[in-house]
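Convention: sequence-line order gives letters A, B, ...; per-chain numbering from 1.
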Amino acid sequence: MKRTHYLDELNASNIGEEVVLMGWVRRRRDHGGVIFIDLRDIKGLTQVVFNPEHNPETHAKGHQLRNEYVIAVRGIVRPRPDESLNKNLKTGEIEIFVEELRILNPSKPLPFMIDEDDNIEISENLRLKYRYLDLRKESMQKKMIMRSNVARIMRDYLHSSGFLEIETPFLTKSTPEGARDYLVPSRVNPGSFYALPQSPQLFKQLLMVSGYDRYFQIVKCFRDEDLRADRQPEFTQIDMELSFVEPEEIMEIMDDMMSRIFKETLDIDITLPIKRLHYDEAMAKYGLDAPDLRIPLELVEVSDIFASSGFKVFSSVVKNGGMIKTLKLEGAAAKLSRKYIDDLTDFVRIYGAKGLAWIKINKDSWQSPIVKFFSDDEKAKLSERVGLKEGDIIFFGAADTNTVNEYMGRLRAHIGKKLELFDESEYNFVWVTDFPLMSYNADEKRYDSVHHPFTAPCDEDIEKLGSEVEQVYSKSYDLVLNGSEIGGGSIRIHSKQLQDKIFELLNIGEEEAREKFGFLLDALEYGAPPHGGIALGFDRLVMLLSGADSIRDVIAFPKTQKAACVMTSAPDKVDTKQLRELAIKLNVIE
RNA sequence: GGGGGAGUAGUUAAGCUGGUUAUAACGCCGGCCUGUCACGCCGGAGGCCGCGAGUUCGAGUCUCGUCUCUCCCGCCA
């Protein structure tokens, strides 16, 4: 028998045709007499009917069917009786009267039901152990289809925009900085290791030197760091690099591509161009470099007001170069109980806050544990700066700049969600641009790249590389969707001299630079064009598009939080023979 | 490395301040049922209460340890 139709294709126009359908038994409704089977495949659902009057032989065989049996049926498309039409089903006008049934494969009862009730969440461990069954669920199939569609849209778009898809190696060289590498031992070169790429960064830059002009790749990247709801050790990037471009051109291409993806997958129109926000403004107003702009709250700095305050907690912070920022919630004073504020205090402690001061603006007085330390002048200035009205509540963050921004930024996002201050179904994009080039690493007594060591500084800041390194901005841009960074990139350095200078600031010695990046430094001297690029987190993007709570839900075979696969039980021990071939001796205490 | 949550039939859960035979729903098995689509009705099977110690006359319940899953901090150029 050869399948003639998928299970979403038949309707009233097919009545009378003989068809052959194949799929899984989603559910049987055995009335003793007539038997109804919902037959399911990747496309949809069609009801097939075993009727003892129509065909006693197949009807008898139909009694054997159980959930998830794989079957083939040959039968006639019949109209359903008027009272039995199912409007919720695409194929609900018709049903198949079975002439012949073949059981292609029976199925044991499943460890969990495929025909899911969305309210029942099967333990993730079990889902992952039987991932092939979990993926059979309609909700998972929808996500995988969405993922495939997004990849297709991107490929189509990039090909039509002159990009070439070029593969780069997975077995490559370990590089310093960045994430921990996954290592692969070399049998042919005992004692030497490949590293799996954290990104194809250097290869794509070299392709620009080779003159390919526009490159892209949908590519796996590997980082051996601890996992999160949105982080997997192997994940997929849409990686791109372009020659002879400035940031604006790259952002325009991304704007265009994103708007197509959202139009074609969710039928949502993105307002173009996507808003551009300078890094400094993002940090000032939102405290985070990936702000969720759907939340209608902004932080306000008040350090100057309390610089010489009698309230030592504040004034000493300012004296030590720290910062005081406020977050105001209009009219929320009555809504927030003492318990609620205590919970918020616990929340900000996670991010290094020592406490969370607050003031409720009541009708006759300011209610607060700290306001008694404020002078009238300070109160007046505060009220004016923040725009306080009766019924408002404000929170204060006071600490070193990084800590304040971190926890007040998180607090803003946290409160925004908890108090439902915005429409969660909205999609809000923003570009955050011009990140600092480097930040000082006090532990290591050197500078670290904020993006990566190949990022170009802004032209007007290059002079400052000598003395005011932290005042140097970079030609960088991150794409942020609803408070999640979904991509980032930069214009790269194409001058050997400048690259040398950067390595020097990063405390990567000439010899080490030579050893680790010699091939890049050489390449820069053979006619490297100005170039830049971007990489998008494909899994995260699909996660946001499909409304998944976890990156694991948009990856067919993901790892658990301990970076294991419970289906295959990888990672696993290997034979001593294999280890010997690789010249590896284990030093693990059993 | 650290902090929180979870682990009880195949599944999802209930099981209070420790107490006699550990419940329910769905699923599974058997029977009945000719228009269902979460079919219905009747009956049945199914448990190392994650694992290991301890406290106790007695532990699913309390204590400690341990494993697994999960959320977060650190980490993730």
Nearest to the side chain of [X], which nucleotide is it out of [options]?
X	options	answer
A:V566	B:C72, B:C37, B:C69	B:C69
A:S84	B:U12, B:C69, B:G35	B:G35
A:N125	B:C33, B:C76, B:C69	B:C69
A:R29	B:U36, B:C69, B:C75	B:U36
A:E225	B:C75, B:U34, B:C33	B:C75
A:D226	B:U12, B:U36, B:G1	B:G1
A:R66	B:C29, B:C75, B:G35	B:C29
A:R552	B:C73, B:U11, B:U70	B:U70
A:R228	B:C71, B:C69, B:C73	B:C73

Reckon [X] touches a base, only the sugar-phosphate, or nothing at all at heavy-atom distances under 4.0 Å?
X	value
A:Q198	nothing
A:F503	nothing
A:Q47	base
A:S449	sugar-phosphate
A:F454	nothing
A:R26	nothing
A:R127	nothing
A:D224	nothing
A:P111	sugar-phosphate
A:V450	sugar-phosphate
A:R27	sugar-phosphate
A:S199	base

Pairing partner (Watson-Crick or G-U wobble, both distances under 3.5 angstrom) of [N]:
N	answer
B:C41	B:G31
B:U68	B:A6
B:A24	B:U12
B:U36	none
B:U55	none
B:U61	none
B:C76	none

Give the rounded distance in Å between these two atoms: [atom1] of [X] and [atom2] of [N].
X	N	atom1	atom2	value
A:L128	B:U70	CG	P	7 Å
A:R231	B:C75	CZ	P	10 Å
A:I96	B:C37	CD1	C1'	15 Å
A:N67	B:U11	CG	P	17 Å
A:D346	B:G3	CG	P	16 Å
A:L126	B:A13	CG	P	12 Å
A:R78	B:G35	CZ	P	16 Å
A:I551	B:C76	CD1	P	17 Å

Give a yes/no verdict on base stacking between B:C39 and A:H31: centres under 5.5 Å, planes within less than 30° of parallel.
-> yes
Evaluate whether the aromatic ring of A:F36 and the six-membered ring of the B:U36 base sit under 5.5 Å apart, centre to centre, with an inclination under 30°.
->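 So yes, this residue stacks on that base, both cut-offs being met.
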Considering only atom P, compute the distance from B:G19 to B:U66 and round it to an integer number of Å.
->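 One P to the other, the span is 28 Å.
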Can you tell me, in whole Å, how much space there is between the P of B:G65 and that of B:A24?
->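 Rounded to whole Å, the distance is 36 Å.
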When you check the phosphate oxygens OP1 and OP2 of [N], does a side-chain N or O of [X] lie under 4.0 Å from one of them?
X	N	value
A:K562	B:U68	yes
A:R28	B:C39	no
A:N86	B:U36	no
A:S123	B:C69	no
A:R80	B:U36	no

With a cut-off of under 6.0 Å to the ring centre and 45° to the axis, is A:K325 in cation-pi contact with A:Y407?
->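 The answer is no; the distance or angle limit is not met.
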Using the six-membered ring of A:F97, assess whether NZ or CZ of A:R78 lies under 6.0 Å from its centre and within 45 degrees of the ring axis.
->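 Yes, A:R78 and A:F97 form such a contact.
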Look at the side chain of A:R223 and the base of B:C76, then say whether one donor and one acceptor between them are separated by less than 3.5 Å.
-> no
Does any donor-acceptor pair link the side chain of A:E83 with the base of B:G35 at a separation under 3.5 Å?
-> no
Scan A:I37, A:T91, A:I76, A:V19 and name whichever one has a side-chain contact (heavy atoms from CB on, under 4.5 Å) with A:I96.
->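 In the set A:I37, A:T91, A:I76, A:V19, the residue that makes a side-chain contact (heavy atoms from CB on, under 4.5 Å) with A:I96 is A:V19.
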Under-4.0 Å salt bridge between A:K464 and A:D461 =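 Salt bridge present between A:K464 and A:D461.
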Considering only NZ, NE, NH1 and NH2 on the basic side and carboxylate oxygens on the acidic side, decide whether A:E406 and A:R410 come within less than 4.0 Å.
->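 Salt bridge: yes.
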Are a donor atom and an acceptor atom from the side chains of A:D500 and A:Q497 found within less than 3.5 Å of each other?
-> no
Among A:R40, A:R27, A:R28, A:R26, which residue meets the salt bridge (charged side-chain N to carboxylate O under 4.0 Å, His left out) test with A:E68?
-> A:R40
